[in-house]
Amino acid sequence: MSQTLETSIRMLYDGSAIADRVDRLAAAIAANHTRDRLIVAILKGSFVFAADLMRALMRSGVDADIDFLRLSSYGQGIESSGTVTVLCDVATDVAGRDIVILDDILDTGRTLAFARDHLLARGARSIETVALIDKPGRRQVHVHADHVGFRCEDVFVVGYGIDMGQRYRGLPFIGHVVEDAARS
Ligand code: IMP
Ligand code: MG
């Protein structure tokens, strides 16, 4: 009898809990009266979050401009490589703009710190940061999110745009990956 590892996903936040948090995040962002706001969503992980947040912002009375910054720090697995690289830069001139950076997960902090420094180096006037999920116990770099959807412990999560090896992005909820020993 051999033993194999099967991956299963345990639900952490369902679709309605996420929708509720996204609405609250939008209200908090909207309360900050900024005129020339540009949302910069970090790809790929924040694309679903960004789409929902844009609509929630509109319901909160904010018709925001959006652009995308594609960064890479992870390979195929679940461990960060530690180096962040720009795969595709924002096309908008960010000089003088008030930027709201969106990321799916704030983990070691390298990605958000890199994005912040990158946009400031291009002349952004101010940076506000939003993380759908914060894992504060994992921080390696000094950076914080001004707005956080959910705080969670050190577990690997997937769904709602977030992947593991490019899988699970289409799940309508956020779950925690569990490796179960299964007999076959
Ligand atoms: P950081 O640079 O270590 O803060 O990592 C941020 C990026 O790593 C996130 O934008 C995700 O793309 C990825 N990441 C961190 N933790 C997880 C996870 O639990 N699941 C999937 N991706 C993750
Ligand atoms: Mg990401």
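Both backbone and side-chain heavy atoms feed into the values below; hydrogens, waters and symmetry mates do not.
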### Query
Tell me, do Leu102 and Leu53 make a side-chain contact under 4.5 Å, heavy atoms counted?
yes
### Task
Using the side chain to side chain contact (heavy atoms under 4.5 Å, CB included) rule, take Leu120 and Ile127 through it: C-alpha gap first, then chi angles, then the decisive distance, then the call.
CA-CA 8 Å; Leu120 284 172; Ile127 305 275; 3.7 Å; yes
### Heavy-atom check, side chain of Ile133 versus side chain of Leu106, under 4.5 Å
no
### Task
Before giving the answer on side chain to side chain contact (heavy atoms under 4.5 Å, CB included), spell out for Thr85 and Leu71 the whole-Å C-alpha distance, their side-chain angles and the decisive distance to 0.1 Å.
CA-CA 6 Å; Thr85 53; Leu71 300 178; over 6 Å; no
### Query
When you check the gap from the basic side-chain N to the acidic O, do Lys44 and Asp163 get nearer than 4.0 Å?
no
### Message
As an exercise, state the distance from CZ of Phe173 to OG of Ser16, rounded to the nearest 0.5 Å.
### Response
13.0 Å
### Query
Is any side-chain heavy atom of Leu25 less than 4.5 Å from a side-chain heavy atom of Val148?
no
### Task
Please check if the side chain of Arg139 supplies one atom and the backbone of Lys135 the other of a donor-acceptor pair under 3.5 Å.
yes
### Message
Whether Arg70 and Asp89 form a salt bridge (side-chain N of Lys/Arg under 4.0 Å from carboxylate O of Asp/Glu) is what I want to check.
### Response
no
### Query
Do Leu69 and Ile101 pass the side chain to side chain contact (heavy atoms under 4.5 Å, CB included) test, and can you show the C-alpha distance, the side-chain angles, and the key distance before you say yes or no?
CA-CA 9 Å; Leu69 176 61; Ile101 301 177; over 6 Å; no
### Query
Is the shortest heavy-atom distance from the side chain of Val40 to the side chain of Leu119 under 4.5 Å?
yes
### Atom of Ala41, atom of Ile66 and distance for their closest heavy-atom approach
CB-CD1, 4.5 Å
### Task
Look at the side chain of Asp104 and the backbone N and O of Ile162, then say whether any donor-acceptor pair between them is shorter than 3.5 Å.
no
### Query
Which pair of non-hydrogen atoms, one from Ala115 and one from Ile42, has the smallest distance, and what is that distance?
CB-CD1, 3.6 Å
### Summary
For Tyr13 and Cys152 the tightest heavy-atom approach is OH-CB, 3.3 Å
### NZ/NE/NH1/NH2 to OD/OE distance under 4.0 Å, Arg21 and Asp52
no
### Between CG on residue Asp14 and OH on residue Tyr160, distance to nearest 0.5 Å
12.0 Å
### Task
For the residue pair Val177 and Ile9, establish whether any side-chain heavy-atom pair is separated by less than 4.5 Å.
yes
### Message
I want to check something: taking the side chain as every heavy atom from C-beta on, are Val158 and His176 in contact at a cut-off of under 4.5 Å?
### Response
no
### Task
Can you measure from CD1 (Ile105) to CG (Asp134) and round to the nearest 0.5 angstrom?
10.5 Å
### Smallest separation among heavy atoms of Ile99 and Ala124, with atom names
CG1-CB, 3.7 Å
### Task
Look at the side chain of Asp65 and the backbone N and O of Leu38, then say whether any donor-acceptor pair between them is shorter than 3.5 Å.
no
### Interatomic spacing from CZ in Arg116 to NE2 in His144 - rounded to 0.5 Å
10.0 Å
### Task
Kindly indicate whether the side chain of Phe49, heavy atoms from C-beta on, has any atom under 4.5 Å from the side chain of Val130.
yes
### Task
Drop me the distance from Thr92's OG1 to Arg122's CZ, to the nearest 0.5 angstrom.
11.0 Å
### Task
Return the minimal non-hydrogen interatomic distance between Leu57 and Ala30, and the atom names on each side.
CD2-N, 4.5 Å
### Task
Taking Ser60 for its side chain and Val62 for its backbone only, find out whether a donor-acceptor pair lies under 3.5 Å.
no
### Query
Quick check: does any side chain N or O of Thr129 sit under 3.5 Å from a backbone N or O of Asp146, one acting as donor and the other as acceptor?
yes
### Task
May I ask you to test the Leu12-Val155 pair for a side-chain heavy-atom distance under 4.5 Å?
yes
### Ion pair Arg37/Asp98, N-O distance below 4.0 Å
no
#### Entry: Under 3.5 Å: donor-acceptor pair, side chain of Asp67, backbone of Val90
no
### Task
Over all heavy atoms of both residues, which pair between Ala64 and Ile39 is shortest? Give the atoms and the distance, please.
CB-CG1, 3.7 Å
### Message
Could you check whether Ser46 and Asp103, counting side-chain N and O atoms only, form a donor-acceptor pair closer than 3.5 Å?
### Response
no
